[in-house]
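These values consider heavy atoms only, across backbone and side chains, with no hydrogens, waters or symmetry-generated copies. Lettering of chains follows the sequences in order, A, B, ..., and the numbering in each one begins at 1.
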Protein chains: 2
Amino acid sequence: MSDRDNQKETQTEELTGLPDDLIYVLETGVEEDIVHALDDKNIDCVRELIKPLHYADVADLLERLDAEDRARLVEIIRTDFDAAILSELDETVRDQIIDLLGLDEVAVAVSDLDTDDAVTVLEELDEAEQRQVLNSIPAAERTVIEEGLAYPEDSAGRLMQREFVSVPEGWTVGETIDYMRASVDSEDNNLPDHFYSIFVVDPDHKPVGKVMLDQLLRTRRPVKMTEIVEPEKKVVAVTMDQEDVAFLFRQRDLVSAPVVDELGRLVGVVTIDDIVDVIDEEHEEDIMYLAGIGEDDLYDAAIDTTRARFSWLAVNLLTAIVASLVISLFDATIDQLVALAILMPIVASMGGNAGTQTLTVTVRALAMKELTATNAARVIGKEILVGAINGVLFAVFAGVIVWVWFGSQVLGLVIGLAMVVNMTVAGLAGTTIPLMLEHARIDPAIASSVFLTTVTDVVGFFVFLGLAAIILL
Amino acid sequence: MSDRDNQKETQTEELTGLPDDLIYVLETGVEEDIVHALDDKNIDCVRELIKPLHYADVADLLERLDAEDRARLVEIIRTDFDAAILSELDETVRDQIIDLLGLDEVAVAVSDLDTDDAVTVLEELDEAEQRQVLNSIPAAERTVIEEGLAYPEDSAGRLMQREFVSVPEGWTVGETIDYMRASVDSEDNNLPDHFYSIFVVDPDHKPVGKVMLDQLLRTRRPVKMTEIVEPEKKVVAVTMDQEDVAFLFRQRDLVSAPVVDELGRLVGVVTIDDIVDVIDEEHEEDIMYLAGIGEDDLYDAAIDTTRARFSWLAVNLLTAIVASLVISLFDATIDQLVALAILMPIVASMGGNAGTQTLTVTVRALAMKELTATNAARVIGKEILVGAINGVLFAVFAGVIVWVWFGSQVLGLVIGLAMVVNMTVAGLAGTTIPLMLEHARIDPAIASSVFLTTVTDVVGFFVFLGLAAIILL
């Protein structure tokens with residue numbers, strides 16, 4: 001896309017002191033080259049172009065290719081398929097690629113992954129496939145993955161990495177460092193690929209606290225680990241919902257947190273890079289639910305997407321019919337004054353938009369835990385006031401426009417009054433609907449929009465046509 | 001709120017093996033207690049309740065209090081005001097609290113912060129205030145903060161922490177560890193509060209690579225740093241937009257990245273906890289822009305919120321009037337058949353909703369860089385198909401309902417045809433509008449909705465009423 005190309009140029013120009021390939025740029029062009037090479041069936045060229053790519057970029061590329069090119073590319077890279085690609089893929093595309101690779105190769109790939117990534121890949125497979133893959137994985141690793149899969153979906157247990165470094169209370173900094181160096185040399189090196197802190201545990205394996213690696217490095221060898229352990233000793237329960245874990249990480253600026261089982265024993269660690277994925281997922285849910293979509297469906301087949309969106313549209317058809325029934329109450333009024341039919345969508349539309357603004361702020365504030373019992377009443381009051389003020393302002397504009405357009409002051413007055421009422425109601429409904437859904441333990445993003453537009457349509461048509469019937473006729 | 005209380009209970013019940021206060025729970029109740037104590041002017045009680053709270057929780061509490069209680073609380077905690085609270089606050093509330101504290105106390109607080117957090121607090125002040133605060137900060141620190149403020153807004157330069165650890169190429173692991181231990185003991189300890197990696201730099205201070213701390217700890221003292229340095233040697237330009245930096249972190253699973261100036265010299269480091277804030281901001285922008293709101297305005301005064309939302313509503317009034325003008329073209333037709341006025345909002349509403357679904361998926365895919373030149377044509381094609389299939393399905397439902405309701409097969413046919421056309425157009429408009437905005441380098445979330453609903457309203461009314469005029473009359 002043109003603005004990315006431009007960006008790349010600007011950056012590399014500015015940074016003339018450095019070789020081009022040292023600077024991070026969002027690369028383009030490569031993808032098109034690969035698509036061409038795939039279409040030309042030029043296998044060597046594809047291999048050459050893929051080689052320097054990061055696994056996440058290969059995953060993105062696989063997602064964006066059409067089904068045919070995707071299958072071709074998988075064939076070309078299957079001999080040295082990087083397992084990490086699987087954990088980066090969108091669910092729909094991952095299913096296809098697992099089919100293309102075959103479960104045996106998937107098993108080989110999965111056993112290369114960290115347990116949390118392995119769980120991510122396996123949890124989406126059906127039970128028979130899961131079994132088949134697990135059976136091909138070495139027993140020790142299999143047990144760990146099975147334990148991960150046993151935790152509830154979207155819990156800290158699923159999210160956590162089960163490899164972590166823990167040391168007993170009695171150890172010194174020196175002993176800890178020696179232990180890590182020895183681990184690397186020993187046969188059964190069980191240190192995780194990356195870690196940011198070391199946990200100190202008591203004899204029951206309950207966490208006493210953690211020592212950040214930079215703290216460890218600043219400290220002299222004879223110092224006891226217990227002397228530098230961080231006073232923050234809170235832990236995450238293995239059953240905690242991942243969204244709550246994400247909230248904690250944001251709120252406490254955590255980089256990693258220990259996870260404990262029901263007996264309080266340290267069983268894993270959640271790290272911030274996993275949290276970034278949860279935050280993205282969470283946001284995706286909010287924005288998609290508000291628009292009436294189950295989940296991101298960019299890579300689904302058209303028929304699956306059609307089915308997924310059908311139910312929301314069906315609800316919308318019902319609510320639209322309800323609004324039409326309201327209009328039909330006033331068919332005699334409209335029959336006498338066609339201008340009403342021309343103008344009534346304006347009232348409904350302004351109410352709908354004002355309500356959507358309020359609704360979005362409220363849903364977002366609930367998701368970020370910014371809206372609580374402490375300030376709920378104040379937020380509702382404010383939104384009603386905002387709706388009313390904007391209602392009065394737009395009542396004046398719309399009233400004057402209608403007066404000029406249809407030459408009727410009274411018609412202008414009617415649309416103005418209807419506008420004030422509908423936009424005030426929009427402020428009320430936009431805050432109270434999500435608050436009530438939250439109270440009923442329903443995700444406030446899911447069904448808010450449909451309730452809101454029903455309210456603003458019904459109120460908009462009813463008040464406008466009703467006032468017209470009373471005042472005008 | 002009831003579901004949080006419930007959650008707390010469940011967790012502590014399950015974890016009977018542990019003291020209650022060891023488990024992370026999202027606490028409630030404390031806030032209400034503090035509000036009561038504030039209202040009772042019971043200063044000692046407030047102080048007691050505030051003491052155990054994390055600074056982020058104090059920031060949240062300050063945000064949620066009303067203006068009066070907020071001022072009272074600031075008075076109570078001003079003597080030992082934690083500077084970190086400032087960097088956690090929403091902008092509007094931060095401004096108020098800075099006014100309450102006074103610039104001198106703010107200066108004291110700011111000098112306690114890491115430079116990136118100090119820049120965050122200062123960048124929102126107006127120039128005179130900035131100057132006043134900066135003048136009260138020690139010169140060495142002031143220079144660093146001023147340099148931070150000199151970088152463009154939302155750039156890597158603003159985001160990065162300017163304290164980092166770098167060592168020359170020739171050093172060994174042992175020398176590096178000794179250097180860090182010595183830093184702690186020396187007078188001018190300039191190690192950052194937390195860090196996850198150490199950069200190796202050449203004599204020109206250009207980054208050679210980085211060593212993760214866990215790697216350092218696994219390695220024996222005589223090993224050269226250059227032997228364990230990570231081969232990933234890409235760097236972030238100080239001018240790179242923060243959203244692109246966030247994309248890189250997600251894509252590469254980075255935990256930190258070096259930032260270089262125009263000569264390629266290492267000037268700072270971006271860490272993943274800063275990225276989490278950028279991701280949240282980015283999400284907020286997307287969801288708010290889609291709803292026609294400038295930015296999260298939960299804590300703004302009603303009058304500011306009213307003003308901020310006014311412009312979007314004004315645009316909506318204009319587009320609603322355009323739709324009304326389309327209806328007015330057919331006033332004679334409606335005059336003959338009032339049923340048309342009753343039914344026309346259904347066609348527009350279904351198109352609007354189908355279009356919003358498509359639009360949201362497209363905007364999200366663009367933001368996540370999942371939609372590129374490679375798959376744009378395919379996505380547009382798919383969305384048109386999805387719109388058309390759902391259009392046909394709902395045409396049948398709506399057609400039958402209208403047939404039964406108004407006893408007219410032809411009227412049912414007209415609404416059905418209009419539905420198919422409008423929902424297909426919605427699929428086309430829902431994808432192409434954001435793509436065109438992106439191409440024109442406008443954030444596709446900002447103006448998409450208003451264009452989309454204009455299209456679906458105009459097409460909906462025009463096709464339905466137009467077909468009615470041709471077929472029915």
Side-chain angles (χ1 to χ4, degrees), chain A residues 3 11 14-15 17-18 23-24 31 56 64 177 180 184 195-196 213-214 217-218 234 236-237 248 251 253 262-264 272-273 279 283 287 291-293 298 302 305-306 309 316 320 323-324 327-328 331 334-335 338 341-342 345-346 349 353 356-357 360 365 374-375 382 385-386 389-390 441, chain B residues 3 11 14-15 17-18 23-24 31 56 64 177 180 184 195-196 213-214 217-218 234 236-237 248 251 253 262-264 272-273 279 283 287 291-293 298 302 305-306 309 316 320 323-324 327-328 331 334-335 338 341-342 345-346 349 353 356-357 360 365 374-375 382 385-386 389-390 441:
Chain A
D3 61 336
Q11 286 183 344
E14 280 172 16
L15 289 148
L18 287 172
I23 308 291
Y24 271 124
E31 210 168 288
R64 285 194 280 255
I177 294 178
M180 281 187 287
V184 178
F195 57 98
Y196 316 114
L213 293 189
D214 61 304
L217 283 163
R218 290 173 215 229
K234 289 211 169 184
V236 169
L248 277 173
Q251 189 77 346
D253 293 330
E262 68 285 358
L263 296 175
I272 189 153
D273 44 309
I279 291 176
H283 178 252
I287 202 167
I293 311 167
L298 194 70
T305 300
T306 307
R309 296 193 195 163
N316 184 62
S324 292
I327 300 173
S328 73
D331 56 351
I334 294 171
D335 215 12
V338 147
I342 295 172
I346 297 179
S349 163
N353 271 275
T356 300
Q357 292 178 330
T360 305
T374 310
N375 59 351
K382 176 189 151 184
L385 184 62
V386 170
I389 299 175
N390 267 330
R441 301 194 198 176
Chain B
D3 61 337
Q11 285 184 347
E14 279 171 16
L15 289 148
L18 287 172
I23 308 291
Y24 271 126
E31 212 169 289
R64 284 194 281 255
I177 294 179
M180 281 187 288
V184 177
F195 57 98
Y196 317 113
L213 293 190
D214 60 306
L217 283 164
R218 290 172 216 232
K234 290 212 167 183
V236 169
L248 278 172
Q251 188 77 346
D253 294 329
E262 69 283 1
L263 295 175
I272 187 149
D273 45 308
I279 291 176
H283 287 172
I287 202 165
I293 312 168
L298 194 70
T305 300
T306 306
R309 297 195 195 161
N316 184 62
S324 291
I327 301 172
S328 73
D331 56 351
I334 293 172
D335 217 10
V338 150
I342 295 171
I346 296 179
S349 163
N353 272 274
T356 301
Q357 291 178 330
T360 304
T374 311
N375 59 351
K382 177 190 150 182
L385 185 62
V386 169
I389 299 176
N390 267 330
R441 300 194 198 176

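Ranked by heavy-atom pairs under 4.5 Å with chain A, the list B:Thr360, B:Thr374, B:Asn353 is led by B:Asn353. Interface check for chain A: of the options B:Asn316, B:Thr356, B:Val338, B:Asp335, the most heavy-atom pairs under 4.5 Å are formed by B:Asn316. When each of B:Ile272, B:Ile327, B:Asp331, B:Thr306 is checked for heavy-atom pairs under 4.5 Å with chain A, B:Thr306 comes out on top. For the set A:Ala320, A:Pro345, A:Ser324, the entry with the most heavy-atom pairs within less than 4.5 Å of chain B is A:Ser324. Looking only at heavy-atom pairs under 4.5 Å with chain A, the residue among B:Ile279, B:Ile389, B:Asn375, B:Leu385 that has the most is B:Asn375.
Interface residue A:Phe195: backbone and side-chain heavy atoms are both found under 4.5 Å from chain B.
Ring planes of A:His283 and B:His283: parallel class, angle under 30° (limits at 30 and 60°).
Atom NZ of B:Lys382 sits about 3.0 Å away from atom OG1 of A:Thr305, to the nearest 0.5 Å. If you take CD1 on A:Ile342 and CD1 on B:Ile334, they are separated by 6.0 Å, rounding to the nearest 0.5 Å.
Considering only residues two or more places apart in sequence or on other chains, A:Leu217 meets the side chain to side chain contact (heavy atoms under 4.5 Å, CB included) condition with B:Ile177, B:Met180, B:Leu213, B:Leu216, B:Leu217.
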